[in-house]
Amino acid sequence: MIGPIVSSGIVSPMWDNIFAVLIGMGFGFALEASGFSSSRKIIGTFFGYDFVVVKVFFTAAIVASMGLLYLSYFGLVDYSQLYIQPTFLTGAIVGGIIMGVGFAMGGFCPGTSLCAAAVGKLDGIVFLGGMFIGVFLFSESFPLWQNLYNSGSQGSKMINEAFGISPELFTFFLVLAAVGMFYGATWVQKKVKKVEY
Amino acid sequence: MKKIKSDGTTYLNPYLGGVILGTVLLLAFYISGRGLGASGAVKNTVAATVNVVAPEHVANNAYYCQFAGNGKEPMSNWLVYEVLGVLAGAFISGIVFNRLKFKVEHSPKITSRRRLLFALGGGLLFGFGTQLARGCTSGAALSGMAVLSFGGYITMIAIFGTAFVAAWVFRKNWI
């Protein structure tokens with residue numbers, strides 16, 4: 001079966017939403033079970049007392065990147081049918097900076113705040129409420145940001161193209177960088193004073 | 001498998017957690033051709049809510065009208081179903097690892113009230129930023145990275161780079 005199996009018509013589109021719930025369940029379970037429902041565990045990455053975010057995030061990124069390249073190599077997935085996040089450079093940078101400040105203030109990102117809310121963390125529920133307000137304010141003031149939002153468009157540009165190398169070679173370097181970071185993180189964590197949470 | 005403690009401090013090995021998360025992400029691409037997300041469902045819910053309250057306003061707003069109104073069904077959307085799954089999956093994990101409990105988690109140096117105010121402000125900024133960057137840590141950064149999207153990497157670096165600096169500014173809230 002060549003993926004993505006929904007758009008290739010192997011299963012009916014109605015099943016797509018059922019798969020969405022199941023995939024979401026796996027996502028939520030993986031995040032919560034790794035400790036992402038705790039803001040103090042998440043924020044540990046920025047102070048060096050707990051690098052769970054770095055370890056989980058980059059392990060997931062290399063597993064999925066390598067997995068997709070292997071599936072594509074064996075003809076099991078049609079890479080051109082996958083949704084590639086389009087690049088709008090200005091929005092990605094400015095939006096990313098605003099998100100970074102929100103991350104350091106609130107201790108969650110959207111996915112982890114959902115997990116925190118699901119296990120009863122009131123700070124997670126409040127963060128989630130704040131997100132609704134933020135999205136509402138953005139939408140209401142959209143004319144102010146419209147130019148910024150649409151500027152710097154580079155289409156479905158791939159990171160390996162930016163370096164002028166193949167996807168496989170880029171992913172190889174990504175794996176090396178991730179493993180280096182894991183060793184670095186473990187080393188730093190040993191040096192940093194433990195924080196009780 | 002180690003014994004699960006009753007105080008909710010048992011977590012998966014982070015590399016095992018990462019492999020599970022990566023496999024789920026891979027399955028999302030293999031089955032539905034798209035990555036994981038969280039902020040998209042919030043956006044659709046906001047657009048759907050405003051559309052119920054003030055449909056003309058949605059039709060006149062260049063942002064909302066991409067997602068709601070004119071026969072669009074913002075709540076019958078892949079990302080909305082996926083987020084319902086996220087809540088269920090996290091809840092199940094909460095049961096398994098004994099973490100279901102109503103509480104405000106914060107550093108002993110600050111009050112619950114201060115923690116909640118910062119959580120509200122942080123959520124507000126994060127929500128705003130997701131719209132500008134067309135996705136969050138999962139939708140833009142993680143899922144973008146999985147398919148080697150240039151924008152995904154830029155968003156990831158911008159989020160984590162800024163958070164490293166900003167965390168130091170707000171350090172009294174955390175350590």
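Labels below follow one simple rule: chain letters A, B, ... track the order of the sequence lines, proteins then strands, and each chain is numbered from 1. Atom set for the values below is all heavy atoms of this structure, side chains included, hydrogens, waters and symmetry mates excluded.
Remark: Thr171(A) OG1 to Met145(B) CE distance equals 10.5 Å, nearest 0.5 Å. Put simply, CD1 on Ile97(A) and CD1 on Ile159(B) are 11.0 Å apart, with the number rounded to the nearest 0.5 Å.
For the options Ala60(A), Ala117(A), Gly111(A), heavy-atom pairs under 4.5 Å to chain B are most numerous at Ala60(A). No other option in Leu120(B), Val83(B), Val42(B) has as many heavy-atom pairs under 4.5 Å with chain A as Val42(B). The candidate from Phe51(A), Tyr49(A), Tyr79(A) with the greatest count of non-hydrogen atom pairs under 4.5 Å with chain B is Tyr79(A). Contacts with chain A were tallied for Gly18(B), Ser32(B), Gly17(B), Gly151(B); Gly18(B) has the most, counting heavy-atom pairs under 4.5 Å. Your options are Thr90(A), Val54(A), Ile84(A), and the one with the most heavy-atom pairs under 4.5 Å with chain B is Ile84(A). Ranked by heavy-atom pairs shorter than 4.5 Å toward chain A, the options Gly144(B), Ala47(B), Ala62(B), Gly35(B) are led by Ala62(B). Chain B forms more heavy-atom pairs under 4.5 Å with one residue of Leu22(A), Leu76(A), Leu114(A) than with any other, namely Leu114(A).
Neither the backbone nor the side chain of Ile62(A) comes within less than 4.5 Å of any heavy atom of chain B. With a 4.5 angstrom heavy-atom cutoff, Ala33(A) touches chain B via backbone and side-chain atoms both. Only the side chain of Val195(A) comes within less than 4.5 Å of a heavy atom in chain B; its backbone stays farther off. Residue contact with chain A, scored on non-hydrogen atoms closer than 4.5 Å, involves the backbone and the side chain of Phe102(B) alike. Heavy atoms of Ile31(B) lying under 4.5 Å from chain A belong to its backbone as well as its side chain. Neither the backbone nor the side chain of Ser113(A) comes within contact range of chain B; no heavy atoms are under 4.5 Å apart. Glu161(A) does not touch chain B: none of its heavy atoms, backbone or side chain, sits under 4.5 Å away. Proximity to chain B is limited to the side chain of Ile43(A), based on heavy atoms less than 4.5 angstrom apart. Using a 4.5 Å cut-off between heavy atoms, Leu82(A) touches chain B through backbone and side chain atoms alike. Only the backbone of His106(B) comes within less than 4.5 Å of a heavy atom in chain A; its side chain stays farther off. When heavy atoms are compared at a cutoff of 4.5 Å, Leu31(A) approaches chain B solely by way of its side chain, counted from C-beta outward. The parts of Phe29(A) that come within reach of chain B are both its backbone and its side chain, each placing non-hydrogen atoms under 4.5 angstrom from that chain. Contacts of Phe108(A) with chain B are made by both backbone and side-chain atoms, with heavy-atom separations under 4.5 Å. For Ser139(A), the parts sitting under 4.5 Å from any heavy atom of chain B are the backbone and the side chain alike.
Nearest heavy-atom pair, Val56(A) versus Pro14(B), reported as atom, atom and distance to 0.1 Å: CG2-O, 3.4 Å. Closest of all the heavy-atom pairs between Ser138(B) and Phe27(A) is CB-CZ, 3.7 Å. The shortest non-hydrogen separation linking Ala118(A) to Leu87(B) is CB-O, 3.5 Å. Nearest approach of Ala30(A) to Ile20(B), heavy atoms of both residues: CB-CG2, 3.9 Å. Summarising the geometry of Ala92(A) relative to Ala158(B), their closest heavy-atom pair is O-CB, 4.1 Å, with the distance given to 0.1 Å. Scanning both residues, Val119(A) and Gly94(B), for their nearest heavy atoms gives CG1-CA, 3.7 Å.
Less than 6.0 angstrom separates the ring centroid of Tyr149(A) from the ring centroid of Tyr63(B). In this structure, Phe136(A) has its ring center at least 6.0 angstrom away from the ring center of Phe128(B). Taking the six-membered ring for Trp, Phe29(B) and Tyr83(A) have ring centres at least 6.0 Å apart. A ring-centre distance under 6.0 Å is found for Phe160(B) and Phe57(A).
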Could you check Met99(A) against Thr155(B) for side chain to side chain contact (heavy atoms under 4.5 Å, CB included), going step by step and ending with a plain yes or no? CA-CA 9 Å; Met99(A) 283 190 264; Thr155(B) 307; 3.9 Å; yes
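Contact check for Phe164(B) versus Thr45(A): side-chain heavy atoms found under the 4.5 Å cut-off.
Side chain to side chain, Ser143(B) and Gln85(A) fail the donor-acceptor criterion of an N or O pair below 3.5 Å.
A donor-acceptor contact shorter than 3.5 Å links the side chain of Trp174(B) to the backbone of Ala104(A). With Arg99(B) contributing its side chain and Glu32(A) its backbone, the two residues share a donor-acceptor pair below 3.5 Å.
Judged by the 6.0 Å and 45° rule, Arg171(B) forms no cation-pi pair with Phe47(A).
For Arg40(A) and Glu105(B), the salt-bridge test fails: no basic side-chain N is under 4.0 Å from an acidic carboxylate O.
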